[in-house]
Amino acid sequence: MKKTDKGSHDALNRTQYSAIQNIMYCLYNTIQCHFPLLCWCALTILINVIIPVLSTYLPKTVIEIITAGGSFYELAIAILAFMGSIAILAGANKFLTKYMYHQKYRMNTFYLKRVALKGLTTDYINQENGIFRKLQTESFLCCNGNYSPLTNIYDVLIDLLTSILGLSVFWVILLRLNWWIIIFLIATTVISCFLNQKIIKWTAANSQERISYQQRINYINGIAGDNRSAKDIRLYQMAAWFSDIYKKNMNGLAGWYNRLTNKLFGVAVFDSGMALLRECVIYLYLLYLIWNEQISVADFILYFSVVTGFSTWLSKIFSQISTLNQINLNINYFRSYLEYPETFSRDNGLKSPVNDCPKIIELKNVSYKYEGAEQYALHHFSLTIAPGEHIAIVGLNGAGKTTLVKLICGLIEPTEGQVLYDGIDIREYNRIEYYKLFSAVFQQFSIMPVTIEEIVSETPSENIDHNKVKNCLTISGLWDKIEQLSDGVKSQFGKTIYDDGIEFSGGEIQKLLLARALYKRAPVMLLDEPTAALDPIAESTLYENYNKISTEKTTVFISHRLASTSFCDRIILIENGEICEEGTHNELLELNGKYYTLFEMQAKYYREKNDEREVSE
């Protein structure tokens, strides 16, 4: 039965399934994705049981033929029959091991696709949640590689079921000897199992420490290959700093594994001692039986091999159960990630009126607080944006401008209050349909390494309206540049993947993003400081271009540079998450309030710069 234990020592393990439930989950997915893999696993189990049984009976058979005075021919036939069967089965086992390697890779791909799809489609607010991101990291590790938990479970189940089946065979043989032997073997093995279980519990209790170290290491590994960070790392000589951080976290991770190794070493020493005790007791007992002529030499060899095999298989059962418990923890992370709650309406919900005519947007007494924050990013915020209005949201960094944009376009939902579109709370809309209402350009934008036309259209090449792409690039002012490229709009963007990929300047990228926003033809356009990296004149020019081409569309301009949005119908000045002043540019200057003060401070800076240039000239 599924459990949700928020008070668990493991905060990541939101959803707790039993090992049996997770085994059934994996088997069900295997049946759905690649059923033959289970058939190969079953065949491998059968082979793994038959080989040790044949190896155990071979010495007994040989000794019996010799002691019975059998001929060399009979001896040779028996040996060839046993050894030939073992060789054929061993060869088949090796083939299946290598063959299943590729079959398990297919299952990895199946699970990785589900992890990626969850990350691509989950509520945006989840991507800002620390637990969700850690679960995402663990989920990728859970199914990435042929030794990952979701792949290793096949090997564990093969070993476990092989041991159970083999143990059953040897159990029957040992019952003919003495059932006290079986009790002794089980008792000594259970003690070892108990100690191994404590290792599993320690690993689970301290897993977050390991995950935190691993996340930081993965981040630095990613930064090392990130072209965007390469310039800063070199100019600011950050390599040594990153190296120290990397070393510190590697030492922390090594320390974690060192503590685990020490615990494992203690258990291994105890296991070895128990194994020695088992061997000595059983060996002395069998010697006693053969000394008193209760068993033959052939039986001595058989029973000693069976006892050894019984102990080995029994130990493997407990060992695989312990490993299965560890895998179970990883699969719980994986399933907790896939089942992480989604709050936005998708399959249900109202369909938003997607057309070229924008509707009224209202924020009613909206407050929003980020996870773990002490203060509200927006507090009792109310705003009405008329259809087709061009509005500017200005303020210093941290005022709450980006939070406002994310609330309007439905990426996050208010902690308190309502966001309405066309008089309807956006929570009632189908969120996927609602997103179609907005074209947005963010400061932290994303451009995929695909062709120029695919970037503009945000769709596969077979669905592209080529005339529309050309028209959007022309309006944005980038068409002349594209025409000069040897492959035109089919040129690949970026050198991350393509050696001959096209790189654009900052201004050209902004024009490309403008073309992408135009192609969507959404009734509402949101511009969240996409030009922050440009100089004020370039930003002002680009904003005015957006203003001209977005006639009859609702447009929200976000900037901390007040002069860049002076053309807007209305300007909202935000401070500490609240509306401080609002009006047109001229009205706010005449008010002689905070907007005027900030405007003069910024204008004074640029006037001084111009005066310095004139003096130097």
Side-chain angles (χ1 to χ4, degrees), residues 20 23 27 38-65 77-97 100 153-193 196 271 274-275 277-279 281-283 285-287 289-290 294-324:
I20 297 297
I23 290 172
L27 293 178
L38 295 183
C39 299
W40 301 128
C41 289
L43 182 57
T44 301
I45 292 169
L46 189 60
I47 292 173
N48 286 345
V49 172
I50 294 175
I51 290 176
V53 172
L54 291 176
S55 299
T56 300
Y57 271 91
L58 173 60
K60 173 181 168 61
T61 303
V62 170
I63 293 175
E64 285 181 339
I65 292 174
I77 291 296
I79 293 175
L80 285 175
F82 275 93
M83 294 301 295
S85 300
I86 292 172
I88 292 172
L89 291 173
N93 191 37
K94 285 187 177 181
F95 168 77
L96 287 174
T97 300
M100 286 194 298
I153 192 168
Y154 299 104
D155 298 325
V156 173
L157 288 176
I158 287 172
D159 287 344
L160 180 61
L161 294 176
T162 297
S163 298
I164 292 174
L165 188 57
L167 189 71
S168 301
V169 174
F170 281 10
W171 180 295
V172 173
I173 297 173
L174 284 178
L175 281 176
R176 293 159 47 193
L177 180 65
N178 191 325
W179 61 274
W180 279 105
I181 294 294
I182 297 176
I183 294 176
F184 173 73
L185 292 173
I186 292 175
T188 53
T189 307
V190 166
I191 296 173
S192 297
C193 174
N196 278 289
D271 278 346
M274 293 301 293
L277 175 64
R278 284 195 297 268
E279 299 292 334
V281 170
I282 298 301
Y283 192 77
Y285 177 71
L286 290 176
L287 285 176
L289 292 178
I290 197 173
Q294 296 180 30
I295 59 173
S296 64
V297 174
D299 288 334
F300 174 87
I301 298 297
L302 172 65
Y303 285 128
F304 191 79
S305 298
V306 168
V307 166
T308 302
F310 186 92
S311 299
T312 301
W313 266 330
L314 190 61
S315 298
K316 279 187 176 182
I317 288 175
F318 288 117
S319 175
Q320 295 307 323
I321 289 175
S322 297
T323 304
L324 195 59

message = Distance check, rounded to the nearest 0.5 Å: T162 atom OG1 versus D155 atom CG?
response = 10.5 Å

key: Nearest non-hydrogen partners of A90 and I51, listed with the distance   = N-CD1, 3.7 Å

I301 side, atom CD1; T56 side, atom OG1 - distance, nearest 0.5 Å = 11.5 Å

key: For the student: nearest non-hydrogen atoms of A78 and T61, plus distance   = CB-CG2, 4.3 Å

key: Heavy-atom closest contact (L58 atom, F82 atom, distance)   = CD1-CB, 3.5 Å

request  = Answer yes or no: is there a side-chain heavy-atom contact under 4.5 Å between L161 and L165?
outcome  = no

inquiry  = Does atom NZ (K60) have a neighbourhood of more than 12 heavy atoms from anything else shown, all under 6.0 Å?
reply    = yes

Rounded distance (nearest 0.5 Å) linking atom CE of M100 with atom CG of L38 = 10.5 Å

message = How close do P59 and S55 get, counting heavy atoms only, and between which atoms?
response = CD-O, 3.1 Å

inquiry  = Is any side-chain heavy atom of L324 closer than 4.5 Å to one of I23?
reply    = yes

request  = Report the distance from atom SG of C41 to atom CG of N48, rounding to the nearest 0.5 Å.
outcome  = 10.5 Å

query = To the nearest 0.5 Å, how far apart are CG in L27 and CD1 in I153?
reply = 7.5 Å

ask   = Can you name the residues that form a side chain to side chain contact (heavy atoms under 4.5 Å, CB included) with I50, not counting sequence neighbours?
value = L46, L54, L89

query = About how many Å separate CZ of F170 and CG of L302, when rounded to the nearest 0.5 Å?
reply = 8.0 Å

